[in-house]
Amino acid sequence: MRLIDSHAHMTSRTTDDYREMRRSGIECVIEPSFWSGSDKLYPESFFDYFEHIIDFETERADRVAGMDHYVTVSINPKEAVDREMSEAVIDRLPEYLERDRVVGVGEIGFNLQTDEEEWAFREQLRLAEEHEQPVIIHLPHTEKPKGAIRTVEIIEEMGVTQERIIIDHNEPETMETTAATDCWLGFTLYPGKISIEEVMPLLEAYGTDRRIINSSADWDDSDPLAVPKARDAMIDAGWDRDTVRKLLFENPLAFFSQSPHFDYADAVAAESAGESVPQSAEAE
């Protein structure tokens, strides 16, 4: 079963991680902008980072594992503490949204739920709407229910296209709030935080339409194989294979197909039509 991991921070991973992900069925990775392990001191550091994930990580994924690699760009909520720096970074985001491998804006949202974070959140949400690009929203890891409520309030106040938004890092206490929107909802599997065994009852209760399961694959305890492990766990638990494929492949494919730069979707469509596709888009 082919898979897509839509939340892997691969700049923090080794080449062996890429290879193991591909062997486990992951053909395509979407890497959102993330904290680089230390706070960036200058706006130019963000631009160097964007160049790294757009060019080098895309080349590395293809070279070592034959994987398709895409990115979303943003000033991450963890680093949106300096208004002046946020303004400088956001001012240049439009040029990156035109790059071939950029398929959206993200992660944006809240970390500590400060005024500075909310300003950056609103500005980037507005920018994504203007460019008609998908958005990845980060729910905070602390005071998560409060963060979910404020996130939804901002989305509704701004009147942005909810169908192009995924609210990620959902847990049981956020579902009533986020599921009341037309946004897509993400479940990021972290060791010690939320497991596929905890997510399955939420999917049973709230349905599988506009739901996406992904990994964290970041600097701390995380698992770049969380998505294929979720596939196996759901099948072992008796879930229908078509439903599992929908959650782990078809849903992220449909969500990111809203970006004109998501060429992987074109390759899948061409394959389904019986046309030849690039090696990096073929299943092993």
Side-chain angles (χ1 to χ4, degrees), residues 6-9 30-36 39 72-83 85-86 89-90 93 104-129 133-195 198-199 201-203 205-206 210-222 226 255:
S6 61
H7 203 93
H9 307 293
I30 293 91
E31 177 168 2
S33 294
F34 183 53
W35 184 61
S36 300
D39 292 340
T72 62
V73 293
S74 71
I75 184 164
N76 187 280
K78 184 175 175 65
E79 296 180 286
V81 295
D82 184 326
R83 173 69 175 267
M85 184 179 294
S86 293
V89 174
I90 293 170
L93 280 184
V105 175
E107 296 178 294
I108 63 175
F110 287 116
N111 178 39
L112 300 178
Q113 304 185 50
T114 65
D115 291 342
E116 291 79 11
E117 291 171 15
E118 180 165 329
W119 182 87
F121 180 20
R122 286 178 176 272
E123 288 301 305
Q124 292 179 101
L125 198 57
R126 182 178 295 110
L127 188 63
E129 183 73 8
Q133 284 278 24
V135 179
I136 299 176
I137 290 180
H138 173 281
L139 290 180
H141 296 297
T142 59
E143 295 189 274
K144 191 180 287 284
K146 174 185 172 184
I149 292 170
R150 187 62 188 140
T151 294
V152 170
E153 287 175 348
I154 290 170
I155 290 170
E156 293 177 344
E157 286 172 14
M158 295 187 66
V160 293
T161 305
Q162 297 188 14
E163 291 81 2
R164 283 200 300 264
I165 294 172
I166 178 168
I167 302 176
D168 212 343
H169 306 308
N170 278 280
E171 293 182 4
E173 62 267 28
T174 67
M175 289 300 295
E176 184 176 353
T177 298
T178 57
T181 71
D182 290 325
C183 299
W184 294 63
L185 306 187
F187 303 92
T188 304
L189 304 179
Y190 286 87
K193 292 186 179 179
I194 190 167
S195 67
E198 295 169 288
V199 169
L202 301 179
L203 295 170
Y206 291 93
R210 300 198 308 277
R211 309 289 185 254
I212 293 177
I213 296 171
N214 50 59
S215 77
S216 55
D218 58 31
W219 300 101
D220 293 323
D221 288 340
S222 58
F255 178 76

Indicate yes or no: at least one non-hydrogen side-chain atom of [X] is less than 4.5 angstrom from one of [Y].
{"X": "Pro140", "Y": "Gln113", "answer": "yes"}
{"X": "Asp39", "Y": "Val81", "answer": "no"}
{"X": "Ile155", "Y": "Ile137", "answer": "yes"}
{"X": "Asp218", "Y": "Tyr190", "answer": "yes"}

How many angstroms lie between atom [atom1] of [X] and atom [atom2] of [Y], to the nearest 0.5 angstrom?
{"X": "Ile194", "Y": "Glu171", "atom1": "CD1", "atom2": "CD", "result": "5.0 Å"}
{"X": "Cys183", "Y": "Phe255", "atom1": "SG", "atom2": "CZ", "result": "8.5 Å"}
{"X": "Ile166", "Y": "Phe187", "atom1": "CD1", "atom2": "CZ", "result": "9.0 Å"}
{"X": "Ile154", "Y": "Arg122", "atom1": "CD1", "atom2": "CZ", "result": "4.5 Å"}
{"X": "Asp168", "Y": "Thr188", "atom1": "CG", "atom2": "OG1", "result": "3.5 Å"}
{"X": "Ile213", "Y": "Leu203", "atom1": "CD1", "atom2": "CG", "result": "5.0 Å"}

Stepwise side-chain contact (heavy atoms from CB on, under 4.5 Å) test for Val73 and Val105: CA-CA 5 Å; Val73 293; Val105 175; 5.5 Å; no

State, to 0.1 Å, how close [X] and [Y] come at their nearest heavy-atom pair, and which atoms those are.
{"X": "Arg211", "Y": "Ala179", "value": "NH2-CB, 4.3 Å"}
{"X": "Ser222", "Y": "Pro191", "value": "CA-CD, 3.6 Å"}
{"X": "Ala8", "Y": "Pro32", "value": "O-CD, 3.9 Å"}
{"X": "Glu117", "Y": "Asn111", "value": "OE1-N, 2.8 Å"}
{"X": "Ile212", "Y": "Ser6", "value": "CG2-OG, 3.3 Å"}
{"X": "Phe110", "Y": "Gly147", "value": "CD1-O, 4.3 Å"}

With sequence neighbours excluded, tell me which residues meet side chain to side chain donor-acceptor pair (under 3.5 Å) with [X].
{"X": "Glu198", "result": "Ser195"}
{"X": "Asn76", "result": "Glu107"}
{"X": "Asp182", "result": "none"}

Any ion pair linking Arg126 and Glu129 (charged N to carboxylate O, less than 4.0 Å)? no

Has the side chain of [X] got a donor or acceptor atom that lies under 3.5 Å from a matching backbone atom of [Y]?
{"X": "Ser33", "Y": "Ser74", "result": "yes"}
{"X": "Gln124", "Y": "Ala120", "result": "yes"}
{"X": "Trp184", "Y": "Ile167", "result": "no"}
{"X": "Arg150", "Y": "Glu118", "result": "no"}

Tested for side chain to side chain contact (heavy atoms under 4.5 Å, CB included) against Thr177, the lone hit among Leu139, Asn170, Thr151, Val152 is Val152

side-chain contact (heavy atoms from CB on, under 4.5 Å) for Met85 and Glu79? Distances and angles first, verdict last. CA-CA 9 Å; Met85 184 179 294; Glu79 296 180 286; over 6 Å; no

Is there a side-chain contact (heavy atoms from CB on, under 4.5 Å) between Tyr206 and Thr178? Walk through the geometry before answering. CA-CA 11 Å; Tyr206 291 93; Thr178 57; over 6 Å; no

Stepwise side-chain contact (heavy atoms from CB on, under 4.5 Å) check, Leu202 with Leu185: CA-CA 11 Å; Leu202 301 179; Leu185 306 187; over 6 Å; no

Could you tell me how the ring of His9 sits relative to the ring of Phe34: parallel (under 30°), tilted (30 to 60°) or perpendicular (over 60°)? parallel

Please verify the inter-ring angle class for His138 with His169; under 30° counts as parallel, over 60° as perpendicular, anything in between as tilted.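 Perpendicular.
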
